[in-house]
Structure formats: structure tokens, C-alpha cells
Amino acid sequence: MTARGYEGVAAAVPVTVPYARRTEHNVHWWFGRALSELVRQSGIGKDEIDGLITASYTLRPDTAVSLTEYFGLTVRWLEDLPMGGASGPIALRHAARAVEAGDAEVVACLPADVLGGDAFGSLMENYSSFSRDGAMPYGEAGPNLPFALITQNYMERTGATREEFGRICIAERHNGAAFPHALLKKPLTMEEYLAARPIAEPLHLYDCVMPCSGAEAFLVMREDRAKSRKLPYARILAGIERHNAFPEDGVQISGGWPVERDALYQAAGLGPGDMAFLQAYDDYPVIVMFQLEGLGFCPAGEAPAFVRETDFTADGGGLPLNTGGGQLSLGQAGAVGGFVGLTEGLRQVTGQALGIQVANADVGLVSGYGTVNFDRGLCSSAVILTRGEGA
Amino acid sequence: MTADTLRLPHCQACQRSHWPPREICPHCLGETVTWQPADGGGQVMATATLHHSLSPDFAPHMPLHVATVALDCGVRAIVFVAGGALKNGTRVIVTPGRGPSGQEALVATPGAAR
Ligand SMILES: [Zn+2]
């Protein structure tokens with residue numbers, strides 16, 4: 001299979017609404033803050049937005065449809081994504097195809113979630129039927145249990161050590177210290193990382209993201225519209241998604257990226273070595289290792305050695321990883337976590353970084369992963385972004 | 001057959017079991033799925049030791065030992081481990097039992113060759 005690019009399509013106006021550990025607001029407020037920032041920063045009126053794509057775990061009983069009425073939007077293209085951490089790149093590729101085909105002119109991509117305090121436990125109680133029947137009875141540990149199992153199996157298979165996972169977390173916190181919206185801004189040392197209390201061994205405190213509330217957003221439109229509005233924008237060279245890959249694996253050792261990797265790079269005419277940065281989904285550091293392997297930065301099973309040899313800081317001259325600090329610094333606002341890498345990738349390729357700007361960030365890769373329906377994340381996605389004209 | 005025999009959803013069309021439970025077989029999409037006695041023998045694939053729970057029911061029972069077991073009948077399941085941590089590759093028998101807060105759960109006990 002080959003993937004086809006997205007002709008004449010622009011992604012622009014990356015918005016991050018500053019996250020909060022506690023919020024007195026409904027999730028609609030967070031959606032609304034993101035939408036009003038899109039309008040304010042783009043100069044594109046609410047009445048020009050004719051497409052909407054949302055992602056949220058806490059919008060129920062409302063849906064994307066409810067939001068059109070809530071915000072007074074009249075759209076002709078509407079989609080709601082239940083893919084959690086994979087939803088950002090998927091939102092972009094779906095919206096880009098709709099714009100390319102002429103089904104919509106301007107698509108607002110909006111995730112928001114409200115997940116501080118008890119909300120996280122309630123979400124996990126009702127996350128999926130398989131999780132309820134097959135995973136939650138075993139200690140009600142939420143995602144920590146499946147990812148502890150995945151991490152332990154990976155360590156056993158590859159010899160990965162806690163220090164190697166720690167290198168990823170420490171580099172992200174270095175990047176996050178410069179990012180204004182990060183909730184965790186204090187640099188992390190290896191001593192602190194290793195001394196952290198166990199949560200679900202082999203996972204310890206700094207391997208786990210902190211549930212919080214937040215919203216992100218961006219717009220997808222035709223390039224000529226972005227140019228005429230003088231908006232810095234990115235083009236999408238390629239995009240892939242793959243769900244429930246390798247179901248026969250007893251414990252997950254990969255996402256779906258190996259299935260789609262060749263199609264992704266062929267469509268872009270580029271390889272992993274051409275990427276100025278990688279925005280990888282980082283709910284747990286082992287999943288970053290899955291992406292390093294699955295997206296071809298190193299062979300399968302060799303991410304631990306690659307991590308030892310590679311500088312992941314945004315200003316270190318190696319492979320800049322999660323240049324805004326990732327979810328390990330920002331906190332994880334539910335499905336919004338699936339958009340963190342995308343808005344940061346858009347800022348980087350358009351030269352609008354809020355924290356550290358990667359040098360020569362002309363092309364970069366954004367990857368997503370999510371939805372632990374039972375014992376593994378089922379959804380994988382990735383997009384390759386490049387700087388548009390005038391950015 | 002005794003009360004502690006493992007029972008799993010089993011497809012009458014293709015004669016394969018699956019887990020977690022479904023009304024439709026994931027292998028052949030057959031719709032005649034019944035709970036049948038199954039071989040509880042299997043092998044530990046991965047382990048975790050929980051120190052934190054979202055539920056106060058489990059808090060007094062930490063740490064908890066949990067594992068992924070690949071059963072010889074071709075399904076994988078998350079289970080409690082009886083009697084402390086096990087290494088990957090350990091042979092176990094999985095039976096229906098109770099978790100530390102009394103709820104029904106699958107429990108793996110080490111030993112017993114195939
Ligand atoms: Zn069947």
C-alpha cells in the first residue's frame with residue numbers, strides 16, 4: 001500500500017490552552033477557550049469554520065454535535081474521534097483529506113478534557129467493556145497495569161533498564177522547563193528518577209503522566225486561504241493510521257507503525273534521518289521506545305541502545321524529542337494528549353515555538369498511540385509535517 | 001469437573017476459545033459462543049507489582065502481584081498471582097478464584113507441568 005499526500009492543504013494556528021490540575025469549569029469551557037483562541041489568532045471568523053473534528057473522554061452525554069449548537073457553529077463536515085492518544089495525527093489527516101476533496105473549507109480540530117481529581121477514576125471505570133471485564137478487576141490500576149505489563153515484558157526481552165527510560169523522561173523535562181504551559185517545570189535528575197516511589201512495578205512515579213484538564217486546537221484549510229490571511233502554516237507530506245495491529249502478540253511489543261512505515265516515508269519521499277524532530281506519544285517511556293523502533297529510527301528491540309546514544313533535548317543537536325516537554329511535563333488531559341505533539345510540531349515547523357525552537361526544523365514527524373481497550377493501545381498514527389511558504 | 005475448573009467462552013463453529021468474553025467469535029464471527037471448561041495450564045508472559053489503585057477497595061491489599069498469562073488453549077488473560085511474584089516463563093494453572101477484596105477473578109498458581 002502507498003499513502004497519498006495532501007495537495008494544497010495547510011495546517012495552521014496551533015493553540016495550547018494552559019492546563020490546570022484542578023478546574024471549576026465544564027469541558028465545554030475548555031473547548032470554547034480553544035475555539036476562541038483559534039478565531040482570535042487566525043482572524044478567521046466563526047462563520048467561516050464549516051468543519052469540526054473533536055476528541056474528548058469527558059464530553060458525555062454531549063457529543064461533537066452538541067458543540068455545534070453550544071458554540072453557534074453551522075458546519076457541513078463533522079467528526080468525533082475516540083482514538084485518545086492517536087487522535088491528533090488522525091484528526092489532521094482526516095481533516096486534510098476533507099479540505100483537499102472540497103468537503104469543507106476550514107476545519108477546526110478541537111480536543112478538550114477535564115480530568116483532575118476523581119474524574120480520572122470514573123473515566124477508567126467506564127473506559128471499555130474489555131477493560132471493565134478483563135483488566136480493571138485486577139487492582140483497579142487504570143492504564144498503569146497494562147503499561148506495567150508491557151514495560152516488564154519489553155525490559156525482559158530487550159534488556160532495557162530503568163536508566164534508559166529515565167533518559168527519555170529527563171530530556172523531556174529539560175524541554176518542558178522552557179515551555180510556558182508545562183505543569184511540571186522543575187528539571188528531573190537521574191537520582192530523583194531512580195529514587196521515585198513505585199506505582200506499578202516496573203513503573204515508578206516519573207514514568208507516569210499526571211491527569212489534568214486542558215485543550216489544544218489547530219485549523220486545517222487550503223493553502224491559498226492561509227497565504228491570503230498571512231498565517232504561518234505547515235503542509236502535510238504524509239499521514240498514516242493503523243488499528244489493532246499484531247493482535248496475536250501475547251504482550252504488545254509494537255504499535256501499528258511497522259505496517260504503515262514504508263507507505264508513510266514513500267509518500268513523503270523522505271526517511272527517518274530527514275526528520276528534524278520527533279513528537280512521540282509519551283504516556284509511558286516504553287511507548288516512546290516503540291515509536292523509535294516502529295518509525296525506523298532504530299531496529300526493533302534496539303531502542304535501549306539508541307536511547308543511550310542519542311541526545312533527545314530540543315537544543316542538544318541529536319534527535320529533538322517532544323520539544324515542548326511532552327505529556328510527562330505538561331500533564332495528560334485525556335484525549336488532548338493525542339494532540340500535544342501535533343500542535344508542538346506545527347509550532348516547530350512554522351518557527352513559532354513557545355519554548356525551545358529546534359534549529360532548521362523544516363520537516364518533522366508527529367506520532368500518536370492510544371486507546372487501551374484491554375491490555376494494549378490499539379490505535380497508532382503518524383504524520384510528516386513540513387514548513388509551508390511564508391512560514 | 002470441579003468448581004475451580006476454568007471456564008472460557010468457546011465458539012461452537014471453529015472450536016476456539018477467546019478472552020475477554022464476547023457474544024461473537026473474534027476468529028470466525030460465529031455467533032454460537034458458550035462457556036465451556038478449558039485447560040487452565042499456561043505460561044507467565046509479563047508481570048506487574050501494583051502499589052497504587054484508583055479504588056479504596058484495593059488500597060489495604062497492596063502490593064498486588066498481577067500477570068499476563070498465555071494459556072495453552074490459545075488465549076491470553078490478565079490474572080492475579082497467588083503467593084508472590086513470578087518470573088516470566090513460569091508454568092502456572094489459572095483457575096477462577098477471588099481477588100483480595102473478594103470479587104471474582106482469575107488466579108494463577110505456579111507449578112503443575114502440562
Ligand atoms: Zn469461531
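First the proteins, then the strands, lettered A, B, ... as listed; each starts at 1.
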| task | Against chain B, label Pro247(A) side chain, backbone, both or neither, depending on which of its atoms sit under 4.5 Å from a heavy atom there. | result |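 The backbone, not the side chain.
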
| query | Of the backbone (N, CA, C, O) and the side chain (C-beta and beyond), which part of Asn373(A) lies under 4.5 Å from a heavy atom of chain B, both, or neither? | reply |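 Interface part for Asn373(A): neither.
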
| task | Using a cut-off of under 4.5 Å on heavy-atom pairs, state which of Pro202(A), Gly250(A), Ala148(A), Ala135(A) scores highest against chain B. | result |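 Sorted descending by pairs with chain B, the first entry is Gly250(A).
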
Taking [Y]'s backbone N and O only, do any of them form a donor-acceptor pair with [X]'s side chain (distance below 3.5 Å, no angle check)?
X         : Y         : answer
Ser53(B)  : Glu140(A) : yes
Asn153(A) : Met45(B)  : yes
Gln103(B) : Pro137(A) : yes

Can you tell me how far [atom2] of [Y] sits from [atom1] of [X], rounded to the nearest 0.5 angstrom?
X         : Y         : atom1 : atom2 : result
Asp375(A) : Arg76(B)  : CG    : CZ    : 4.5 Å
Met124(A) : Ser55(B)  : CE    : OG    : 14.5 Å
Ile78(B)  : Met136(A) : CD1   : CE    : 11.0 Å
Arg22(B)  : Asp133(A) : CZ    : CG    : 10.5 Å
Thr68(B)  : Ile150(A) : OG1   : CD1   : 8.5 Å

Side chains of [X] and [Y]: does their closest heavy-atom pair fall under 4.5 Å?
X         : Y         : answer
His51(B)  : Arg197(A) : no
Leu50(B)  : Leu145(A) : yes
Leu106(B) : Tyr138(A) : yes

| field | Considering all heavy atoms, the nearest Leu64(B)-Gly139(A) contact | value |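 Minimum heavy-atom contact is CD1-CA, 4.0 Å.
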
| query | If you look at every heavy atom in Gly134(A) and Trp19(B), which pair is closest and at what distance? | reply |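 That would be CA-NE1, 4.4 Å.
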
| task | Would you mind checking which part of Ala67(B) comes under 4.5 Å of any heavy atom in chain A, side chain (CB onward), backbone (N, CA, C, O), both or neither? | result |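 For Ala67(B), the contact with chain A is made by the backbone alone.
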
| Residue Ala70(B) versus chain A: region with a heavy atom under 4.5 Å |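 The answer is neither part of Ala70(B).
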
| message | Testing Glu156(A), Arg157(A), Met155(A) one by one against Asn88(B) for a side-chain contact (heavy atoms from CB on, under 4.5 Å), which residue passes? | response |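 Exactly one candidate clears the test, Glu156(A).
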
| query | So does Glu31(B) have more than 12 non-hydrogen atoms from other groups sitting under 6.0 Å from CD? | reply |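 Result for CD/Glu31(B): open.
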
| said: More than 12 heavy atoms of other residues, nucleotides or ligands under 6.0 Å from CZ of Arg16(B): yes or no? | reply: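 No, because the 6.0 Å sphere around CZ of Arg16(B) holds 12 heavy atoms or fewer from other groups.
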
